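Worksheet: the structure to be examined is printed underneath.
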Number of protein chains: 2
Amino acid sequence: MVGFSAAVIRRQQFLVRCLVGCNISSKNLSYTTIKMQSVVSGGSPDFAISILRSITPSLDSSRHKGQAGKIGVVGGCREYTGAPYFSAISALKIGADLSHVFCTKDAAAVIKSYSPELIVHPILEESYSVRDEDKKSISAKVIEEVDKWMGRFDCLVIGPGLGRDPFLLDCVSDIMKHARQSNVPMVIDGDGLFLVTNCLELVSGYPLAVLTPNVNEYKRLVQKFYKVKIGGVTILRKGGSDFISNGDLVGAVSAFGSPRRCGGQGDILSGSVAVFISWPVSVLLNGAEPESYGYGVHRRVCFVEKSCFACI
Amino acid sequence: MVGFSAAVIRRQQFLVRCLVGCNISSKNLSYTTIKMQSVVSGGSPDFAISILRSITPSLDSSRHKGQAGKIGVVGGCREYTGAPYFSAISALKIGADLSHVFCTKDAAAVIKSYSPELIVHPILEESYSVRDEDKKSISAKVIEEVDKWMGRFDCLVIGPGLGRDPFLLDCVSDIMKHARQSNVPMVIDGDGLFLVTNCLELVSGYPLAVLTPNVNEYKRLVQKFYKVKIGGVTILRKGGSDFISNGDLVGAVSAFGSPRRCGGQGDILSGSVAVFISWPVSVLLNGAEPESYGYGVHRRVCFVEKSCFACI
């Protein structure tokens with residue numbers, strides 16, 4: 001964790017506390033390997049509720065469209081259309097104002113048909129629809145399209161229903177690099193984790209990344225990088241108990257949820273986490289001018305360079 | 001029935017008992033012609049309930065995605081999209097964790113749009129969209145795509161909304177052969193029964209096949225093969241009373257259901273039967289490692305070679 005600003009570290013801790021719903025001590029800020037023995041669980045429900053209250057945007061008439069969160073989901077291909085839908089719609093149901101999906105052309109019409117509330121961009125391409133000589137130009141066009149929107153998002157979700165097509169994954173790698181350059185927080189789930197497992201540099205050392213692997217995805221991550229520290233990210237390992245760690249502190253959530261383990265539940269979590277990441281920013285910027293907030297420039301500067309979380 | 005392992009015979013009896021909901025004696029295991037005179041009906045409802053309880057996966061937090069059943073439906077073409085949807089969605093509603101559909105490209109977008117909960121693979125082709133010289137390579141590609149998933153399924157449903165296109169049916173024949181080689185159980189309904197009526201070898205002697213004909217489909221099967229024993233499969237003949245037989249024992253279900261006979265009811269049954277086939281396996285493997293279970297390898301070995309059902 002050494003090397004990141006105190007503000008970013010505080011933000012990460014804040015996020016962990018929000019998700020875990022318990023009071024984690026912040027005495028040790030140095031980077032250590034993940035110690036499951038040091039799991040902190042339980043804590044005061046009142047504290048969790050007070051944190052949630054403090055980050056949940058108030059419903060008053062002074063707010064403008066977008067101030068309660070603008071989420072972008074990168075996922076959806078010929079095979080998978082349900083996963084990005086569940087992720088994007090759950091962001092709206094949690095309380096975000098706007099939810100976008102960036103997917104392939106094949107997937108777009110179907111995802112649009114699930115709900116008129118989503119804004120769906122048919123911009124990704126899979127190998128089967130692209131000639132080799134066109135790959136470079138198409139890849140550049142994809143990035144150009146996503147970049148138009150990048151600064152407006154409070155959080156991106158990378159991976160639900162992304163599939164494993166090599167060309168598509170290359171394009172998404174580029175999107176992740178641009179998101180990182182623009183300091184946009186990212187929740188990485190599903191096939192996005194496959195991408196990260198094969199290229200750790202995409203997130204390593206990026207404090208605004210949250211990985212949400214299930215037990216098997218987590219094992220694959222650990223098996224691939226058991227000698228390497230996945231530094232500076234937050235990992236939310238789903239399971240009977242969910243474990244959440246920023247590499248230093250580990251929290252556990254064992255609260256009872258649905259005992260079914262059907263497809264789509266992880267996607268719902270990813271969209272929800274994205275909103276919980278976006279809300280603290282929204283709270284901090286409540287006093288900011290809507291027009292500057294709308295383009296996200298002020299927010300990024302504020303978020304990364306200033307010690308915004310000191311006051312929480 | 002001679003020639004199959006005792007474990008497989010026990011499994012079949014178990015399945016028949018589950019579906020019939022009555023206590024059938026298992027004294028005579030030798031193959032005999034189907035004797036409708038020997039129908040067993042009635043029995044103890046308590047026994048039926050205890051069997052259903054014993055195969056229904058418990059809803060506890062120790063389970064992982066997929067352990068309550070992964071079903072694949074092969075069906076859906078330019079004309080028919082509702083049938084595969086009803087079959088696949090009923091599998092989810094009964095309690096399976098994941099439900100896939102393998103259909104033509106024309107059908108895929110429509111079936112996807114019915115529900116984001118289904119995973120729909122647009123891989124089948126009909127004659128009108130394929131040139132003769134491409135048929136061999138396209139057929140090989142279809143099999144390759146299905147084979148990627150084959151080992152993961154606990155049961156396949158073959159036939160809902162499949163249509164009668166000769167090229168498509170040839171591809172589905174190949175899928176059935178591969179499923180059989182991989183010891184994947186199959187429920188065969190609708191146009192899948194047309195396929196079987198024209199090529200009995202696809203299922204004959206395969207103890208993991210369940211045919212679900214209505215009265216007319218059953219008549220066509222019998223007329224075509226009245227001199228041939230359809231050995232080693234389970235037949236569920238739908239009607240005012242449903243008759244279920246493995247060629248040795250016959251059960252009847254006369255419980256009151258909907259008196260309407262609208263389209264789609266048989267598809268709902270096929271998806272439901274697929275889940276009831278997958279659950280006993282899931283119960284047996286409750287203690288298996290999720291990763292080995294996930295790829296289905298352990299399950300197949302366990303299912304076919306070991307006497308798993310001895311303990312039930």
Side-chain angles (χ1 to χ4, degrees), chain A residues 75-90 101 103-115 118 126 128 160-161 163-164 190 213-220 223 237-242 253-269, chain B residues 56-72 81 85 88-89 91-123 141 145-146 148-149 152 275 282 286 289-295:
Chain A
C77 63
R78 190 167 56 157
E79 273 185 325
Y80 305 111
T81 51
Y85 163 74
F86 284 125
S87 183
I89 204 74
S90 67
V101 175
C103 61
T104 67
K105 286 167 189 166
D106 290 324
V110 175
I111 298 171
K112 284 169 187 282
S113 77
Y114 292 147
S115 170
L118 305 179
E126 288 182 83
Y128 77 88
R164 299 281 174 96
N214 61 25
V215 174
N216 285 331
E217 288 161 341
Y218 181 75
K219 276 183 185 167
R220 282 196 285 274
Q223 279 163 2
R237 202 213 70 174
K238 300 171 283 191
S241 289
D242 298 325
V253 181
S254 305
F256 181 77
S258 165
R260 277 197 76 180
R261 289 292 171 267
C262 51
Q265 290 177 315
D267 307 309
I268 289 169
L269 179 78
Chain B
T56 304
S58 60
L59 284 170
D60 64 64
S61 59
S62 67
R63 291 185 171 276
H64 298 277
K65 187 169 76 174
Q67 285 187 315
K70 300 180 292 299
I71 307 300
T81 52
Y85 163 76
I89 204 76
L92 284 182
K93 287 185 187 289
I94 289 286
D97 280 347
L98 292 163
S99 196
H100 294 240
V101 175
F102 295 87
C103 61
T104 66
K105 286 166 188 167
D106 290 325
V110 177
I111 299 171
K112 282 171 187 284
S113 74
Y114 293 148
S115 170
E117 297 191 77
L118 305 178
I119 299 165
V120 183
H121 306 260
I123 57 152
K141 202 173 171 187
E145 287 291 322
V146 179
K148 284 181 194 169
W149 296 91
R152 306 187 200 188
V275 180
S282 174
N286 202 14
E289 286 296 308
E291 60 273 21
S292 62
Y293 180 78
Y295 292 99

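In this text the structure is predicted, and so the values were computed from the model without any measurement. A, B, ... follow the sequence lines: proteins, then strands. Residue 1 opens every chain.
- One N or O on the side chain of B:Lys112 and one on the backbone of A:Arg78 form a donor-acceptor pair closer than 3.5 Å.
- What you find for B:Leu59 and A:Arg260 is that their closest heavy atoms are CD2-CG, 3.7 Å.
- Side-chain N or O atoms of B:Arg63 include none that pairs as donor or acceptor with a backbone N or O of A:Gly240 at under 3.5 Å.
- Legend: residues meeting salt bridge (Lys or Arg N to Asp or Glu O under 4.0 Å) with B:Lys141, ordered by chain and number and at least two apart, are absent.
- In this structure, the portion of B:Ala96 lying under 4.5 Å from any heavy atom of chain A is its backbone and not its side chain.
- Contacts of B:Ser99 with chain A are absent, with no heavy-atom separation under 4.5 Å from either backbone or side chain.
- In this structure, the portion of A:Tyr85 lying under 4.5 Å from any heavy atom of chain B is its side chain and not its backbone.
- Of all the listed residues (A:Pro259, A:Gly82, A:Ser241, A:Gly263), the one sharing the greatest number of non-hydrogen pairs under 4.5 Å with chain B is A:Pro259.
- To the nearest 0.5 Å, the span separating CD on A:Glu79 from NE2 on B:His100 amounts to 8.5 Å.
- Between atom NZ of residue A:Lys238 and atom NZ of residue B:Lys65 there is a gap of 7.0 Å, rounded to the nearest 0.5 Å.
- Checked against side chain to side chain donor-acceptor pair (under 3.5 Å), B:Lys105 has the following partners two or more places apart in sequence or in another chain: B:Glu125.
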